[in-house]
Amino acid sequence: MASVYLVAAEPSGDLLASEIIEAIREKAPGTEIHGIGGEHMAEAGIRSPIDTSELSVLGLIEGLKIYKRVIELADQAAEDIVRADPDVVGLVDSWGYTLRVAQRVRERAPHIRLVKVVGPQVWATRPGRAQTLAQTVDHLVCIHAFEAPFYEPFDLPVTVMGNPALSRGHIGDRSRGREALGIGADAPMLLVLPGSRRGEIEQVAPVLVEAARRVKSEVPHSRIVMHPSANVRSQFLEAFPDITQWASVSPPKADRYDIMASADYALACSGTVTSELALQSTPFLVGYHTGWITWALARFLLFKPTHITLLNIAADDTQVVPEFVQTKFKAGPIADTAIGMLNHIEARETQIAAQRKALSRMGESQLPSAEIAADVLLSSA
């Protein structure tokens, strides 16, 4: 009987890992599965021996502050993996943490196969990470076909799974979403997605919320809906205790794709959610802010593309989706853009068409990403 161990630290990786678990169970029901993760893996029946929620931080400097804890948790993870002695370990996303876990497992139990699921962004920052990864793991399951050439010089086997956000997402129902929110069919609706990390609720959410409040002031008949990720929902509500006085908060059990599809425009924190919005044909803008040292290092030393949003990068690094990043991350301009888009359906339709074109260039796999990753893990076991 094959044995698989999955490691995830951040919400996006936790979700993908849970989907891989379900795919493994469907393909090979007798597989023994262990793992380290969060809420999604717990819902899939995997009880994590350690809590990695504190690793969901924002920025390089913020990450350095908890570096000692990262090492401690990597050691704990490696100890549990070696104790479980699986045939293969799937290290899902979270580059810094999972790399350290992989290095420790390789040193202590070199017979265990290691598969990295979602590689570092070598096409955007530090291509040298390709060699580091190749020296540590046995196989890479990456998102984009254009990542593979970076690993060819190092003979690391690579499998392309496509974008999980695209392969998992179903097309939401606008009417059902609006019914869940109690919003009429014709009311202009602005959706705010303030982030999935604690640091984003602290650094990004305040500006997006203030921009939305300005939209409500300028367009009184508009409906404003906040849709925080489940893992930071309580933190968001604590940070903005008066939010329900002028906006709505999406119901916890509402279908996230229905909520996205119900919006006329959205303000989104940079991340996986941007591809999900595009899949729902919802036009949006992206806002982001991180620590200044982190930003300076990323912009001037590490990050190659002009834009940070994957849709824009896929469109030959041109602006399909408006970006308000760092010095441009201000409530006034964000609100002005949102108001203009809410008032002009033609502009929204033009952006939707451009988003669809960018999505097609990102590539949609014939199989769900989780199934492809599961096949690689099972073949490695």
Side-chain angles (χ1 to χ4, degrees), residues 2-28 31-58 63 66 69-105 112-120 137 141 143 161 164-165 167-168 195-200 229-235 256 271-273 368-374 376-378 380-381:
S3 176
V4 176
Y5 198 115
L6 287 155
V7 180
E10 295 185 323
S12 59
D14 180 43
L15 175 58
L16 177 56
S18 70
E19 294 168 339
I20 293 172
I21 289 167
E22 296 300 338
I24 290 174
R25 286 171 174 162
E26 184 172 337
K27 293 172 177 291
T31 303
E32 181 181 346
I33 305 175
H34 302 275
I36 292 169
E39 295 179 359
H40 293 292
M41 288 178 65
E43 291 174 359
I46 302 302
R47 190 170 186 176
S48 180
I50 63 176
D51 180 7
T52 60
S53 60
E54 61 192 291
L55 299 180
S56 185
V57 298
L58 177 64
I66 65 165
R69 187 59 178 152
V70 171
I71 298 304
E72 291 174 352
L73 291 175
D75 282 329
Q76 291 178 25
E79 288 174 6
D80 196 72
I81 291 169
V82 171
R83 183 165 48 249
D85 195 28
D87 297 303
V88 61
V89 176
L91 303 138
V92 187
D93 213 345
S94 304
W95 163 252
Y97 176 65
T98 57
L99 174 67
R100 286 163 178 78
V101 173
Q103 290 170 334
R104 284 156 175 75
V105 173
I112 297 176
R113 301 278 292 175
L114 301 176
V115 175
K116 184 74 180 79
V117 181
V118 182
V137 305
V141 181
I143 292 177
M161 67 175 175
S167 64
R168 77 167 58 104
S196 60
R197 300 177 178 179
R198 296 178 182 179
E200 289 167 347
S229 296
N231 62 299
V232 293
R233 182 182 177 90
S234 60
Q235 181 189 357
R256 62 187 281 103
T272 304
V273 72
S369 299
E371 286 194 27
I372 296 174
V376 172
L377 288 168
L378 289 172
S380 301

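Annotation: side chain to side chain donor-acceptor pair (under 3.5 Å) contacts of Arg113 (sequence neighbours excluded): none. Every salt bridge (charged side-chain N to carboxylate O under 4.0 Å, His left out) that Glu72 has, sequence neighbours left out, goes to Arg69. In terms of the salt bridge (charged side-chain N to carboxylate O under 4.0 Å, His left out) criterion, Arg100 has no residue partners (sequence neighbours excluded). Asp51 is linked by a salt bridge (charged side-chain N to carboxylate O under 4.0 Å, His left out) to nothing, counting only residues two or more places apart in sequence or in another chain. Qualifying side-chain contact (heavy atoms from CB on, under 4.5 Å) partners for Val232, counting only residues two or more places apart in sequence or in other chains: Ile201, Ser229, Gln235. Take Glu32 and apply the side-chain contact (heavy atoms from CB on, under 4.5 Å) test, not counting sequence neighbours, and it matches Met1, Ser3, His34.
At distances below 3.5 Å, at least one donor-acceptor pair connects side-chain atoms of Ser369 with backbone N or O atoms of Met161. The main-chain N or O of Ala2 is never found under 3.5 Å from a side-chain atom of Thr31 such that the two would form a donor-acceptor pair.
Closest approach of Ala373 to Val117, counting heavy atoms only: CB-CG1, 4.3 Å. Considering all non-hydrogen atoms of both residues, Val115 and Val88 come closest at CG2-CG2, 3.8 Å. Shown here for Leu91 and Ala102, the closest heavy-atom pair between the two residues is CD1-CB, 3.7 Å. For Thr52 against Gly37, the heavy-atom pair with the smallest separation is OG1-O, 4.3 Å. Contact between Leu377 and Gly90 at its shortest, heavy atoms only, is CD2-CA, 3.8 Å.
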Given Ile81 and Arg104, is the side-chain contact (heavy atoms from CB on, under 4.5 Å) satisfied, shown in steps?
-> CA-CA 10 Å; Ile81 291 169; Arg104 284 156 175 75; over 6 Å; no
Counting only pairs under 3.5 Å, give me each side-chain donor-acceptor contact of residues 13-24, with atom names and distances, residues two or more places apart or in other chains.
from  : atom 1 : to     : atom 2 : distance (Å)
Asp14 : OD1    : Gly38  : N      : 2.9
Asp14 : OD1    : Met41  : N      : 3.2
Asp14 : OD2    : Glu39  : N      : 3.1
Asp14 : OD2    : His40  : N      : 2.8
Ser18 : OG     : Leu15  : O      : 2.6
Glu19 : OE1    : Arg168 : NE     : 3.1
Glu19 : OE1    : Arg168 : NH2    : 3.1
Glu19 : OE2    : Arg168 : NE     : 2.7

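Note that the CG atom of Leu73 and the CD1 atom of Ile36 stand 8.5 Å from one another [nearest 0.5 Å]. Rounded to the nearest 0.5 Å, atoms CG (Leu378) and CD (Glu371) are 11.0 Å apart.
Using a 4.5 Å heavy-atom threshold, the side chains of Val118 and Ile143 count as touching.
Evaluation of the side chain to side chain donor-acceptor pair (under 3.5 Å) test over residues 77-93, restricted to residues two or more places apart or in two chains, returns Tyr5-Asp80, Ser12-Asp93, Asp80-Arg83, Asp85-His111.
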